[in-house]
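Working notes, structure below.
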2 protein chains.
Amino acid sequence: MMRPTRNGAQLITNTQGSAPGTGPQPADFTDVRATNLAVVLRFVRENAPCSRADIAASTGLNKATVSSLVADLIDRRLLRETGLTENRVGRPATMLVLDGSPYAAVGIEVNVDYLTAVAVDLKGEALLSWRRAFPGGSASSGQAVAGIAGVARRVVTRMTKEARQVLGLTVAVPGLVDLNGSVRLAPNMGWRDVDLAGDLAKALRDPGFPVLADNDANLGALAELRFGPHGGVRDLVYLTGEIGVGAGIVLDGRLRRGGAGFSGEIGHIEIVPGGPPCHCGRRGCLEVVAGLGALLDRTVPGGVSPAELEPEIDEVVQRAEAGDPVVLDLLDTLAGNLGRGVGIVANLLNPEVVVLGGYYVKLAPWILARAEREMLGRSLAPAGGGCRLVVSGLGYGAAALGAAARVLDSVDSGRLPAPA
Amino acid sequence: MMRPTRNGAQLITNTQGSAPGTGPQPADFTDVRATNLAVVLRFVRENAPCSRADIAASTGLNKATVSSLVADLIDRRLLRETGLTENRVGRPATMLVLDGSPYAAVGIEVNVDYLTAVAVDLKGEALLSWRRAFPGGSASSGQAVAGIAGVARRVVTRMTKEARQVLGLTVAVPGLVDLNGSVRLAPNMGWRDVDLAGDLAKALRDPGFPVLADNDANLGALAELRFGPHGGVRDLVYLTGEIGVGAGIVLDGRLRRGGAGFSGEIGHIEIVPGGPPCHCGRRGCLEVVAGLGALLDRTVPGGVSPAELEPEIDEVVQRAEAGDPVVLDLLDTLAGNLGRGVGIVANLLNPEVVVLGGYYVKLAPWILARAEREMLGRSLAPAGGGCRLVVSGLGYGAAALGAAARVLDSVDSGRLPAPA
DNA sequence: TTTGTTTGGTCGTTAGACGAACTAACTCTA
DNA sequence: TAGAGTTAGTTCGTCTAACGACCAAACAAA
């Protein structure tokens, strides 16, 4: 019998952020139930299709308990029985899968020039993926919120038409977002102190599901954790590669936002003292020596316009492919500077993986190796403390996907929809 | 009635590190009990003396439950009733306090030139504090382990004479310590791949209590969290100020060690590109531009010997007090570089507090203000995202104290001693 | 003394995990 | 084709431990 060891002391802890200073909350039976429901749900997510017996064997829960938990989850329409049975000796098992049809999790990513909306089902499979131009940089924050609300409403009605209940909506923003979902500073958007989560909830008039906002890098990290090929990784850092550079930090399996929610601002760490000026007022920030703005400023005549970012990057890629020495040299320098930033992360946080996202993905063939060398050479721990530098496979919508993942995470953490 | 709100979803999670890849463990009643015992224990620690009724009112636990939990904790000799009653209307309360007499938590800090051993009771009050010369830098690791074991044995027999049961022993080491308590690299000690926790447990021959090892900066952070004046802070970074500089990172109330346990190696982040060479083979590391070695190299003729660190620092302090412009200038430069390092931490992790420990404490009058200015000027978030730079009040034994705190933490997390 | 207030304990209830026994449904073997 | 063996899932009783209600004890104030 391969009963898994339960390693001693466990504590019941708040999964959602609790008020600071509040001690750990006591536990009662409903917490046990919620915990075990979440355990079963996550197990099925990772091992579907599987039988009740599989769950009992792997989690260590009693068979009877598993049956009860599964019945509860089926009541809540989170799981579904498939008629399928395995073809082995003994009584055939009724297999369980996540029920993909009744629910949707919605994520929206806003940026200077575009807006991405995605909806996924419980399994994480895409139900909808929109990308449209969005004057985030030029509109007032009020107009922007109205625009986001409009898109959100259309997504919700679409989901409702498909008979899906929306479990939640999260918005990803490139900027400082506090723990209440209020945008405190988004330089590229020109926002300051915009209560995005609150205003959006108001604009949606009691939507019946939680509305959250978070930093795009944080949500990118969540997307990698859930949808990326990083099985079992609990310490991961995601780097956005847009005009700005931000980091999403996952340690011990959860996003770490810092005291005010402003962690991950790697873009304004000084990498080259006395280097080129940054719009933040300082010099030599990672963003200006390893961000895309700097690269394009020097390769594209006439400077960068956010709306033209995509074709401009493509031009850089083409010139790199053609062997243009100027571009190759610029990319190599960028890679070196990026590697120095990654080295700082590796030394300070010792993650298992650092994932490069955004436009870094397209540039990876020319920057990944150099940046990784640089990181390894700067890490005190041998072999970088086991840190790998990899490229995201999620494409541009990573933050939007992560915003949807944020909703699924809260379900996985025990916020289950009520039974029918 | 001021019943505290329990905010919805809670999950039972492993408090001790679980095997990577292992999903969250399911919960049962014993977990609820362990959680609530720990809640009561912590409440009494923070609010002693207090009555059962106080506990029930503040934690939200039922009075009957509190009575049962308290009885259990008294059985385990963790709590004690004092005859004291409050002089108010109504029936007088029997007050509860932590029982300081039956247990001891032991922490040992080894360093290049000295060794510190402390023992504290459940309340965190010092029972013993030894500091002695220790040839950590020159002895072989085997000899060092034997020496540490000798000290540990003497501490344990001393505690046994006082009729105290030792709850655990933790050793703080300046270097990379993996999650199993094995020292992978300690340059200043000349150690590599020394299974300190294991070897020490062997040398103590089945001591009957857990033996752990961890990085000195990590444990310094724990000491600040428990014994420092940072009430309710959940995001804190501690910086050691020895020959090397290390960081201990606490996020969301717990130490974050990274994937392999090597987080916090801030000392070898490049602060001054092309700066002075570091013993690690690179240049311009924080350690050489903001560490004490660099300072002393330039103020004390003939270089630094670890054994003479203390008097040499004192000399620097005297010269600074006397207004020596050379020393003041060096200190200002050091403070600037240190502030750049702290700025990196503030941008990346957004802690509420960064605590300067070790010899930085003595130098604080000349470095704190400049370093904080530098940090604030480099933080993207307004006002440093709320980050404060402060000086430790714990003195040199911080890591040893933190090592003992590590033991108390494991008690607070539910690893209670068995009832008599 | 009486009345009110607070403490802390007892008792019965309840949620929910667990273990054992049982039934169901299949494959394999003789 | 008839067991025998094997695995799946359910039922039922047990047990742990939190909870709510009630109660006695012990004091202050009137």
Side-chain angles (χ1 to χ4, degrees), chain A residues 1-4 6 10 12 25-40 44 49-75 79 81-96 414 416, chain B residues 1-4 6 10 12 25-40 44 49-75 79 81-96 414 416:
Chain A
M1 188 54 216
M2 204 190 57
R3 187 189 158 98
R6 295 202 190 169
Q10 305 192 336
I12 296 180
Q25 301 294 323
D28 63 13
F29 298 116
T30 64
D31 302 320
V32 175
R33 188 67 173 179
T35 302
N36 290 340
L37 284 167
V39 165
V40 171
V44 176
C50 63
S51 68
R52 291 167 175 81
D54 294 337
I55 299 171
S58 298
T59 62
L61 286 162
N62 189 280
K63 282 197 303 173
T65 307
V66 170
S67 278
S68 158
L69 292 165
V70 165
D72 202 339
L73 291 170
I74 289 175
D75 267 4
L79 294 188
E81 289 187 340
T82 65
L84 298 173
T85 67
E86 288 186 343
N87 209 7
R88 288 173 299 139
V89 86
R91 172 176 167 177
T94 58
M95 305 306 269
L96 299 163
L416 306 185
Chain B
M1 190 52 218
M2 202 190 60
R3 189 190 156 95
R6 296 203 191 169
Q10 304 192 334
I12 295 179
Q25 300 294 325
D28 62 14
F29 298 114
T30 63
D31 301 321
V32 175
R33 188 67 174 180
T35 302
N36 290 340
L37 285 169
V39 166
V40 171
V44 175
C50 62
S51 68
R52 291 167 173 83
D54 294 337
I55 299 171
S58 299
T59 62
L61 285 162
N62 188 279
K63 282 196 303 170
T65 308
V66 170
S67 280
S68 157
L69 292 165
V70 165
D72 203 339
L73 291 171
I74 288 176
D75 267 4
L79 295 188
E81 289 187 339
T82 67
L84 297 172
T85 67
E86 287 186 343
N87 209 7
R88 288 172 301 141
V89 87
R91 173 177 167 177
T94 57
M95 305 306 270
L96 300 164
L416 305 185

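One atom, CG of Leu69(B), and another, C1' of dG8(C), lie 14 Å apart when rounded to the nearest Å. Rounded to whole Å, atom P of dT7(D) lies 15 Å from atom CE of Met95(A). Going from atom CG of Asn62(B) over to atom C1' of dC11(C) covers 12 Å, rounded to whole Å. Here dA25(D) presents its C1' atom at 14 Å from CZ of Arg52(B), a figure rounded to the nearest Å. Protein atom CG of Asp54(B) is 8 Å distant from nucleotide atom P of dG8(C), rounded to whole Å. Rounded to whole Å, atom P of dA15(C) lies 13 Å from atom CG of Asp72(A). Atom CG of Asn36(A) and atom C1' of dA17(C) are 8 Å apart (whole Å). Atom P of nucleotide dT13(C) and atom CG of Asp28(A) are separated by 20 Å, given to the nearest angstrom.
The side chain to side chain contact (heavy atoms under 4.5 Å, CB included) test with Arg52(A) is passed by exactly one of Leu69(A), Val40(A), Leu61(A), Leu96(A): Leu96(A).
Scanning both residues, Asn36(A) and Ala27(B), for their nearest heavy atoms gives OD1-N, 2.8 Å. Closest approach of Arg33(B) and Ser68(B) over heavy atoms only: NH2-OG, 2.8 Å.
In this structure the side chain of Gln25(A) never reaches within 4.5 angstrom of the side chain of Val39(B), judged on heavy atoms. Within the 4.5 Å cutoff, no side-chain heavy atoms of Val44(B) are placed close to those of Val70(B).
When each of Thr65(A) and Val89(A) is assigned the nucleotide of DNA chain C bearing its nearest heavy atom, the one mapping closer to the 5' terminus is Thr65(A). Toward the 5' end of DNA chain C, the nearer of the two residues Arg33(A) and Lys63(B), judged by each one's closest nucleotide, is Lys63(B).
Contact annotation: Thr94(B) side-chain N/O to dG8(C) OP1/OP2 distance is under 4.0 Å.
Among the atoms of the strands shown, only primed sugar atoms or phosphate atoms (P, OP1, OP2) are found under 4.0 Å from some heavy atom of Ser51(B). Within 4.0 Å (heavy atoms only), Ala53(A) reaches sugar-phosphate atoms of the nucleic acid but no base atom.
Checking dG8(C), dC27(D), dA18(D) against every side-chain atom of Phe29(A), the shortest atom distance belongs to dA18(D). Comparing atom distances between the Ala64(A) side chain and each of dG19(C), dT16(D), dC26(C) picks out dG19(C) as nearest. For Leu61(B), the side-chain atoms get nearest to dC19(D) when compared with the rest of dG9(D), dC27(D), dC19(D).
For dT7(C), its base sits under 3.5 Å from the side chain of Arg91(B) at one donor and acceptor pair at least.
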